Amino acid sequence: MSGWLVKSEPFVYAWDQLVKDGKTCWDGVRNYQARNYLLQMRKGDEVFFYHSNEGLSIVGIARVCREAYPDPGADDPRWVAVDLIPWRTLPRPVSLSQMKADPRLKDMALLRQSRLSVSPVREAEWKAILELAGWQENV
DNA sequence: GCCAACGTTGGC
DNA sequence: GCCAACGTTGGC
């Protein structure tokens, strides 16, 4: 199946924090393209969690537990948030340089448009990343 | 801290 | 509706 990727600066909200919290409201998105992807997320969808600025790697997989609803922190109801729960921590984080070096991932939205904070991940890309992460299960 | 890429804003 | 100026993001 295909999935998603969200970025977070670990200073602001790190993967470990999500694991500790058990659930988080993914809000604060103020970009139309990213918002459109949020709207397309469905309950149960898997979401790679990427650390930007510091770490520069995908560290875990979250799942959507609540589909898009108006961002409680926005004065404009067109902005939306979703709720995420942690699902699995990757056996090995997959770094940006690894992704850049892998020809299977050269068309990834993350690499092509680095500023986008929410982006889709295609099935083939998803599998390639799991492989780089040393994933054992067949998911 | 710098710079490139991209989005947004505002004057015309 | 175009485009220059500016702000923000994110990698290095």
Side-chain angles (χ1 to χ4, degrees):
Chain A
M1 69 166 263
S2 65
W4 307 96
L5 182 144
V6 297
K7 294 199 286 197
S8 179
E9 302 190 30
F11 302 116
V12 180
Y13 198 86
W15 172 251
D16 287 346
Q17 187 66 42
L18 177 56
V19 171
K20 210 165 83 181
D21 292 349
K23 176 183 169 178
T24 193
C25 169
W26 202 257
D27 59 359
V29 172
R30 295 293 180 272
N31 172 287
Y32 285 105
Q33 215 178 335
R35 185 203 57 163
N36 289 339
Y37 291 135
L38 283 182
L39 289 170
Q40 289 170 37
M41 288 187 183
R42 291 296 168 256
K43 196 171 176 178
D45 280 1
E46 296 176 30
V47 183
F48 278 136
F49 195 97
Y50 174 81
H51 280 170
S52 64
N53 277 311
E54 179 110 336
L56 302 185
S57 48
I58 296 175
V59 289
I61 304 175
R63 300 193 99 154
V64 177
C65 73
R66 182 178 174 190
E67 294 178 15
Y69 57 96
D71 185 337
D75 34 359
D76 189 330
R78 290 175 306 165
W79 297 119
V80 298
V82 297
D83 284 355
L84 298 179
I85 52 173
W87 185 50
R88 296 288 156 83
T89 298
L90 294 184
R92 287 196 303 265
V94 178
S95 70
L96 183 65
S97 53
Q98 272 180 288
M99 290 188 270
K100 280 183 171 173
D102 195 313
R104 292 173 298 180
L105 301 177
K106 70 176 171 53
D107 289 329
M108 262 193 87
L110 173 71
L111 304 182
R112 299 185 75 86
Q113 211 179 334
S114 65
R115 290 187 52 195
L116 201 55
S117 58
V118 180
S119 59
V121 180
R122 287 192 281 264
E123 188 177 354
E125 294 163 350
W126 188 276
K127 284 181 178 164
I129 290 167
L130 288 184
E131 199 182 301
L132 291 173
W135 197 265
Q136 297 302 321
E137 283 174 70
N138 191 11
V139 279

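Convention: sequence-line order gives letters A, B, ...; per-chain numbering from 1. In this text, all values refer to a predicted model and were calculated from it rather than measured experimentally.
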Original post:
Has the side chain of Gln136(A) got a donor or acceptor atom that lies under 3.5 Å from a matching backbone atom of Gly134(A)?
Top reply: yes
Could you list the protein-to-nucleotides 10-12 of chain C atom pairs, N/O on both sides, closer than 3.5 Å?
from    : atom 1 : to        : atom 2 : distance (Å)
dG10(C) : OP1    : Lys7(A)   : NZ     : 3.3
dG11(C) : OP1    : Tyr50(A)  : OH     : 2.8
dG11(C) : OP2    : Asn53(A)  : N      : 3.0
dC12(C) : OP1    : Lys100(A) : NZ     : 2.6

Original post:
Given side chains that start at C-beta, do those of Lys106(A) and Leu111(A) come closer than 4.5 Å, heavy atoms only?
Top reply: no
Original post:
Leu5(A) CG to dT9(C) P: how many Å, rounded?
Top reply: 17 Å
Original post:
In whole angstroms, how far is the P atom of dA5(B) from the CG atom of Leu111(A)?
Top reply: 15 Å
Subject >> Flag side-chain contact, heavy atom, 4.5 Å: Trp26(A) against Val64(A) >> reply: no
Subject >> Whole angstrom value for the distance that separates C1' of dG7(B) from CD of Gln113(A) >> reply: 10 Å
Original post:
Can we call the ring centroids of Tyr32(A) and Trp79(A) under 6.0 Å apart?
Top reply: yes
Original post:
Just how large is the angle between the end axes of the helix from dG1(B)-dC12(C) to dC12(B)-dG1(C), five pairs per end, to 10 degrees?
Top reply: 10°
Original post:
Only one of Val29(A), Val6(A), Asn31(A) forms a side-chain contact (heavy atoms from CB on, under 4.5 Å) with Leu38(A), so which one is it?
Top reply: Val29(A)
Subject >> Residue pair Glu125(A) / Arg104(A), side-chain heavy-atom distance below 4.5 Å >> reply: no
Original post:
Rounded to whole angstroms, how far apart are OH on Tyr32(A) and P on dT9(C)?
Top reply: 16 Å
Original post:
Would you say the side chain of Leu84(A) lies within less than 4.5 Å of the side chain of Trp4(A), judging by non-hydrogen atoms?
Top reply: no
Subject >> Qualifying residues under side-chain contact (heavy atoms from CB on, under 4.5 Å), relative to Asp16(A), sequence neighbours excluded >> reply: none
Subject >> Whole angstrom value for the distance that separates P of dG7(B) from CZ of Arg35(A) >> reply: 14 Å
